[in-house]
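Since the structure comes first, as structure tokens, the remarks are kept for the end.
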Amino acid sequence: MDLTNSDRELTANVEELSGENIFSCYQCGKCSAGCPFTEEMDILPNQVIKKVQMGDGSVLDSDTPWTCASCLSCEVDCPKGNDVPAIMEAIREISLRKNLDRVDINKLETKGLPEIALVSNLRKKTG
Amino acid sequence: MAFKPRIGVFICHCGENIAGTVDVSNLAEEIIGYDNVSFSTDYEYMCSDPGQNKIKEAIEEENLTGVVVAACSPSMHEDTFRRVVEEADLNRYQCEIANIREQCSWVHGEGNDRPTEKALKIIKGTVEKVKRNVSMEPVEREHSDKCLVIGGGIAGIQAALDVAEAGNEVILVEKSPTIGGHMAQLSETFPTLDCSQCILTPKMVEVNQHPNIELMAYSEVRGISGYVGNYRARIERKPTYVDADACNLCGDCEEVCPVEVTDEFNQGLDTRKAINIPFSQAIPSSYTLDTEACLGLNPLRCSECAEACDADAINFDQTSEYVEEEFGAIIAATGYDLYPKEKMGEYGYGEYDDVIDGLQFERLLSATGPTGGEVRRPSDGKVPENVVFIQCSGSRDPENHNSYCSKICCMYTAKHAKLYRETVPDGNAYVFYIDIRAGGKDYEEFIQNVREEDRVLYLKGKVSKLKKADGKMKVWGLDEISGERVEIDADLVVLAQSIIPSEGAEETSEHLNLNLGANGFFKEAHPKLRPVESLTGGVFYAGTGQGPKDIPDSVSQGSGAAAKAIDLLAKPTLSHDPQVVEIDEDLCSGCGLCVGQCPYDALDINSKGVAEVNELLCEGCGTCASGCPTNALSLRNLTDEQLTEMIHAHIGD
Ligand SMILES: Cc1cc2nc3c(=O)[nH]c(=O)nc-3n(C[C@H](O)[C@H](O)[C@H](O)COP(=O)(O)OP(=O)(O)OC[C@H]3O[C@@H](n4cnc5c(N)ncnc54)[C@H](O)[C@@H]3O)c2cc1C
Ligand code: SF4
Ligand code: SF4
Ligand code: SF4
């Protein structure tokens, strides 16, 4: 990635929305070591944070912030007191505001899908 | 009645080290019947207090005349056990070590009787020796109580001040025109960020004013002879062509000098005149005329400076002075240099103006530096917006450069990134690292603060190469954590070059026969237990010549070396081991063969035409004794008779 022209606004936004200093993370990896959901994630929680430090916009394409269950295990673990779930939430918010769609309703196999899932998807569409 | 030796044998288990392989209690029983052995015992750790007491008690109760301690190598505990027998009023040379650890249990497998049989033979051999030993007293001799310190960086300065404070005279020899070393070039110092010159210059002034220190700057040691306590050094005082007492630092000479050459103190980022002072607080505080740069003194080609000098301080007739002095102790504090960036092919072979090393960056940050403390890049004076710092440049690279870690560069790189971000708040600082080594007191906190508060982006991985394009340096790197290959268009790249020993290490090692390690740093007498001593008696190490170090460690080692030197100089006399060679004048034919063979120059043919030994120089190596064609030479307590009897005991007849 081109670091000189990285997305510094993304870094600033995540910090503003989460209220965390993203540079406080020194990449020990303890958050990821204790996260119960890493098997379902495409990149690890600490990598999410590193990418935000780097202003790497590809973090918005990652599954990880969406897989995060906000279980707070990482927050309890973090030796630097970082609120990782708040950072995940900030990334989700930024993605939502970009109106990036992760699910195309038209292509959904609706059979067997709970109704509430469909409704919430439609609600997101209509804002 | 003829003298009948009564020998005690003390067998150590050394935990399982010996007892695991050798049947120690059986040994104690077996040896008791042997010639002249009147007592034997075994114990878990002979060197422990209770072990030592066993020896003392047995000497008194059994009236022993000699002691054999069957244990580890004599290089470990010979002195310990000899002191023990002395405490029980036995002469120290009536104690010998039978090495049944390094030379027996450690090298043989367990599970059979043979190690025990071998240990028994080793002990018997030692009994044969000790029962023929004579009692001796150490040879006492006078020594000089002066100390020579080579190198006037912070380590040498600290050592000189400590020795001088203890009341000993010191001569501090510094190669360059000023003391201070590399510390004088630094801007602010981690982890507390105090200004380097502000904490250094008071110490430099103290050296200059101390009544017990004679400072010889712009001087070099040309030769050293002698031995511990009595070294003789020949020192060259190179001509500065300026009378330091007369020079009033007005700088008129510098102004008129027409020659400009690169300025070493500013690491080549600036120029200086042929007549110059490295920095304004230099000590001695005087100008130096650099003859290599000067248009010429012989014949005189210019002399502008002498004409400009109102104080008449310039004297073109000065020549080198040679001083010879005796010293009891020597401290080698010759410091470090940076591994040349010209050797870094991957980072442009030193050919790019905007790829600089750590000391150059210190000069850019320094208020007294070429940019007055503004960070401006060398090529065009522009304030760099993107600065890339590359750690471990030339270090931790066994394939191409140096295999070792330079220890201080993680810290100074963090300091550089911080100071850069403070001077250029809109700039971006990137640090490429393999891992961060910040083991000193308050160091980890410093690094965390730089990352967190100064928002320096740390990227884990080594930069593969740099390429120049459009006035920028394209940096190809990696961040292992995100798994991203990264590219940065840098305005300035700072290489944390490896620390290497200065040339002074090799020069000093040649004068004093010192060992250098594989990487050229001074080698200690013991890496853990004797880190400031060399294997050459009376020679101690201080500072980065012994290995990469920061200022606190250099100062500590300076004080450590000083303490060792003071300890030596404070002794009223020095004692020398009396186990030296003896000459039977009746047998000596005066052939002189031995004189040439002695590696310590201890032998001579005297006026009577026979060999004579200088007991202070003889190290008891025995080279001469084995070479003497008439058998006139023999070593005290290692006579031919002793050797023969030991061999008989070993081969078991
Ligand atoms: C870029 C950089 C930044 C640093 N920043 C810090 C910091 O912030 N904090 C910190 O604690 N440490 C820092 N250091 C480390 C610090 O510079 C050293 O720890 C310290 O200067 C070592 O002092 P020294 O006396 O051992 O060696 P030196 O300073 O190298 O002094 C050796 C002296 O011996 C002289 N000499 C050499 N050979 C001979 C000879 N044959 N005869 C006579 N004289 C001779 C030399 O001219 C020199 O004056 C930094 C180092 C670098 C490279
Ligand atoms: S809060 Fe999210 S990132 Fe943290 S441990 Fe739980 S699931 Fe993992
Ligand atoms: S545990 Fe905290 S400091 Fe460690 S990697 Fe995760 S967020 Fe960073
Ligand atoms: S101190 Fe740090 S930068 Fe220097 S060689 Fe060691 S690990 Fe690399």
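So you know, we letter chains A, B, ... as the sequences are listed, proteins then strands, and number each from 1.
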- Item | CD-CD1 distance between E452(B) and I22(A), expressed to the nearest 0.5 angstrom | 11.5 Å

- Task: Answer with side chain, backbone, both or neither: which region of V475(B) has an atom nearer than 4.5 Å to a non-hydrogen atom of chain A?
- Result: neither

- Task: Working to the nearest 0.5 Å, report the span between OG of S482(B) and CG of L44(A).
- Result: 11.5 Å

- Message: Can you confirm whether more than 12 heavy atoms, excluding those of K343(B), are under 6.0 Å from its NZ atom?
- Response: no

- Task: Report, as yes or no, whether the 6.0 Å neighbourhood of atom CD on E40(A) holds more than 12 heavy atoms from other residues, nucleotides or ligands.
- Result: no

- Task: Please say whether more than 12 non-hydrogen atoms of neighbouring residues, nucleotides or ligands are located less than 6.0 Å from CD in E422(B).
- Result: yes

- Task: Could you go through the side chain to side chain contact (heavy atoms under 4.5 Å, CB included) check for K50(A) and E484(B) one step at a time?
- Result: CA-CA 10 Å; K50(A) 186 78 214 178; E484(B) 292 284 343; over 6 Å; no

- Interatomic distance, M1(A) atom CE to E487(B) atom CD [nearest 0.5 angstrom]: 11.0 Å

- Query: With a 4.5 angstrom heavy-atom cut-off, which part of S58(A) approaches chain B: side chain, backbone, both or neither?
  - Reply: side chain

- Could you give the distance from CG (L459(B)) to CE (M54(A)), rounded to the nearest 0.5 Å? 5.5 Å

- Query: Counting only heavy atoms not in E342(B), do more than 12 sit closer than 6.0 Å to its CD atom?
  - Reply: yes

- Message: How long is the straight-line distance from CD1 of I481(B) back to CD of Q53(A), given to the nearest 0.5 Å?
- Response: 8.0 Å

- Side chain, backbone, both or neither of D454(B) within contact of chain A (heavy atoms, under 4.5 Å): neither

- Item | Heavy atoms of other groups near K467(B) NZ, more than 12 under 6.0 Å | no

- Message: Can you give me the closest heavy-atom contact between R451(B) and F23(A), atom names plus distance?
- Response: O-CB, 3.3 Å

- Task: Check each of D489(B), N428(B), N386(B), L457(B) against L3(A) using the side-chain contact (heavy atoms from CB on, under 4.5 Å) test, and report the only one that passes.
- Result: L457(B)

- Separation between CZ (R455(B)) and CG (N21(A)), nearest 0.5 Å, reads 5.0 Å

